[in-house]
2 protein chains.
Amino acid sequence: MKYSNATNYALHTMVQLIRLPRDASIGVQELAKAQQLSPTYLSKILTKLTKAGLIESTPGAKGGYRLARGERDISFFDVIQTIEGESHLFDCTLHRHEGCLIEKVMRDAEANMKKELQEQLLVDIAEQAGQHQGGDGK
Amino acid sequence: MKYSNATNYALHTMVQLIRLPRDASIGVQELAKAQQLSPTYLSKILTKLTKAGLIESTPGAKGGYRLARGERDISFFDVIQTIEGESHLFDCTLHRHEGCLIEKVMRDAEANMKKELQEQLLVDIAEQAGQHQGGDGK
DNA sequence: TAATTACAGACAACAAGAGTCTTTAATATC
DNA sequence: GATATTAAAGACTCTTGTTGTCTGTAATTA
């Protein structure tokens, strides 16, 4: 049980975008370089984030990606759910077992974690040092 | 990102064992029937639980499984960690990125969920109705 | 028109989970 | 001691999802 690599990449990319100057765009090429990913692969992740309304994209030369909302309106959970989907952490496997108490406990724990990650904003960590973007003095 | 089926089966099986009369044992055959699983498959799960010290086993005729500790000493987390292992929910994928702040936030959320599941005892739900064991009036 | 960029989809490679089958070892009963 | 019962161990297959690549298309700028 582990979050996918895609979620990992998505979170780091969102931090990159948050750090971007207002109204500036950045292309996949550059975004991918920071994490040493292939642009085509990261592109699929970015498309998901775009469809979810977290970022905006413009095609063509001088195009690229930028935030679609205010920085303080983007939580960890927003990004995670976009990539991971909305499925539950735990689904009771017993046939015909409505109201499984085990499931209930697990769902409660899940809900609390979800809530916690909803309150955690990506800006708050983007503002701090320590989040290098791969290219050091380039 | 989802807990494995094995964890699901393990939790349900533990509830079965907790409900067992003191000093009674039960074999895989019967345990598996309740969840409609193949005994050989459930057997592998039970072996993990045994090695982890959650349950005890005796081979041979009249053998089987029983709890290895007091009921109030078995938490959801004990069972989950036994099956899922100890790996983290999130590992930063960036090369040479010690002290990743994204990772820190995710690990904190994980730790809180872990703590919550450590406080949840399986007895508490085993005592309640609603957790049928498959065989109805058999 | 040419270059740059996002987007879409097919495809392959790999890893992990789920589950079966077979064999061996230990215990109880007769 | 022989037999039945049970746990344990390991090899093996099947399926599924993730990860990633490659190719082609559409849109925008210059």
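A, B, ... follow the sequence lines: proteins, then strands. Residue 1 opens every chain. Predicted model only: the values in this text are computed from it and were never measured.
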Determine the contact category for [X]: base if any of its heavy atoms lies under 4.0 Å from a base atom, sugar-phosphate if only primed atoms, P, OP1 or OP2 are that close, otherwise nothing.
| X | answer |
| --- | --- |
| Ser43(A) | base |
| Ser38(A) | sugar-phosphate |
| Tyr3(A) | nothing |
| Lys2(B) | nothing |

Quick one: does Phe76(B)'s side chain get under 4.5 Å of Gln118(B)'s, heavy atoms only?
->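 The answer is no, as the side chains (C-beta and beyond) never meet within the 4.5 Å cut-off.
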Atom-pair distance ([atom1] on [X]; [atom2] on [N]), nearest Å:
| X | N | atom1 | atom2 | value |
| --- | --- | --- | --- | --- |
| Ile26(B) | dA7(D) | CD1 | C1' | 14 Å |
| Lys48(B) | dA7(D) | NZ | C1' | 17 Å |
| Ile45(B) | dA7(D) | CD1 | P | 14 Å |
| Glu30(B) | dT5(D) | CD | P | 15 Å |
| Met1(A) | dA18(C) | CE | C1' | 18 Å |
| Leu31(B) | dA8(D) | CG | P | 12 Å |
| Tyr9(B) | dA18(C) | OH | C1' | 8 Å |
| Leu46(B) | dA7(D) | CG | P | 8 Å |

Could you check whether any side-chain N or O of [X] sits under 3.5 Å from a backbone N or O of [Y], counting only pairs where one atom can act as donor and the other as acceptor?
| X | Y | value |
| --- | --- | --- |
| Gln128(A) | Asp124(A) | yes |
| Glu103(A) | Asp91(A) | no |
| Asp78(B) | Ser75(B) | yes |

Minimum-distance nucleotide (side-chain atoms of Lys62(B) versus dT21(D), dT29(C), dG10(D)) |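 Given the options dT21(D), dT29(C), dG10(D), the side chain of Lys62(B) is closest to dT29(C).
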If you check the Tyr41(B) side chain, which of dA6(C), dG19(C), dT21(D) turns out closest?
->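 Out of dA6(C), dG19(C), dT21(D), the nucleotide with an atom closest to Tyr41(B)'s side chain is dG19(C).
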If you pin Lys44(A) and Ala61(A) to their nearest nucleotides in DNA chain D, which one's is more 5'?
->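 That would be Lys44(A).
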Closest nucleotide of DNA chain D for Pro39(A) versus for Gly60(A): which of these residues is on the 5' side?
->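 Counting from the 5' end, the first nearest nucleotide belongs to Pro39(A).
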Does OP1 or OP2 of [N] have a side-chain N or O of [X] closer than 4.0 Å?
| X | N | answer |
| --- | --- | --- |
| Thr47(B) | dA7(D) | no |
| Thr40(A) | dT23(D) | no |
| Asn5(B) | dA18(C) | yes |
| Tyr65(B) | dA8(D) | yes |

Which residue lies toward the 5' end of DNA chain C, Thr50(A) or Thr58(B), if each is placed at its nearest nucleotide?
->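 The residue closer to the strand's 5' end, by nearest nucleotide, is Thr50(A).
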Will you find, in the side chains of Thr7(B) and Ser4(B), an N or O donor that is under 3.5 Å from an N or O acceptor?
->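 A donor-acceptor contact under 3.5 Å links the two side chains.
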In terms of side-chain heavy atoms, does Thr93(A) have a donor or acceptor partner in Gln35(B) at a distance below 3.5 Å?
->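 Note: Thr93(A) and Gln35(B) side chains miss the donor-acceptor criterion.
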